[in-house]
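Numbering of residues begins at 1 and proceeds along the displayed sequence. It should be emphasised that the depicted structure is a prediction, and the values quoted were computed from it without experimental measurement.
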Amino acid sequence: MLFEVKDLAGDTGAIAAILRALDANAKVAGDVAAGQIDVSAQLTSGQVISALQAAGYQASRVSEPRQIHVSGGSTCCGSCS
């Protein structure tokens with residue numbers, strides 16, 4: 001799950017610790033320049049946002065990019081003209 005975190009400033013280690021308190025196997029990768037973190041955990045996006053907000057971080061879920069349709073590919077739903 002991808003999240004935008006306002007004023008991230010390299011705090012990915014602190015954020016990982018916060019989330020690991022809820023899921024010991026949580027993995028967090030941060031892109032400080034973009035202000036985003038990628039979270040892999042057995043948590044809902046709501047749980048991640050709530051935990052970060054409780055710790056003083058302003059966070060929101062970033063929509064996952066849509067899969068690009070390739071005509072004739074295995075992802076074809078048949079609704080294109």
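- The NZ atom of Lys27 sits 7.5 Å away from the CZ atom of Arg20 when rounded to the nearest 0.5 Å.
- Between atom CD1 of residue Ile37 and atom OH of residue Tyr57 there is a gap of 9.5 Å, rounded to the nearest 0.5 Å.
- Side-chain contact between Val48 and Thr44 is absent, with no heavy atoms from C-beta onward closer than 4.5 Å.
- Under a 3.5 Å cut-off, the side chain of Asp38 and the backbone N or O of Ala29 do not form any donor-acceptor pair.
- Here the closest non-hydrogen pair linking Gln42 and Gln47 is O-OE1, 4.4 Å.
- Not counting sequence neighbours, the partners of Ala34 by the side-chain contact (heavy atoms from CB on, under 4.5 Å) test are Asp31, Gln36.
- The CG atom of Leu19 lies 12.5 Å from the CG atom of Asn25; values are rounded to the nearest 0.5 Å.
- The two residues Leu52 and Ala59 come nearest to each other via the heavy atoms CD1-CB, 3.8 Å.
- Taking Ser45 as the reference, Met1, Phe3, Arg61 meet the side-chain contact (heavy atoms from CB on, under 4.5 Å) condition, with sequence neighbours excluded.
- Residue Gln53 places its CD atom among more than 12 non-hydrogen atoms of other residues, nucleotides or ligands, all under 6.0 Å distant.
- Counting all heavy atoms, side chain and backbone alike, Thr12 lies closest to Gly30 at CG2-CA, 3.5 Å.
- Between Leu2 and Val39 the shortest side-chain heavy-atom distance does not fall below 4.5 Å.
- When every heavy atom of Ala51 is checked against every heavy atom of Leu22, the shortest pair comes out as CB-CD1, 3.6 Å.
- Qualifying side-chain contact (heavy atoms from CB on, under 4.5 Å) partners for Ala21, counting only residues two or more places apart in sequence or in other chains: none.
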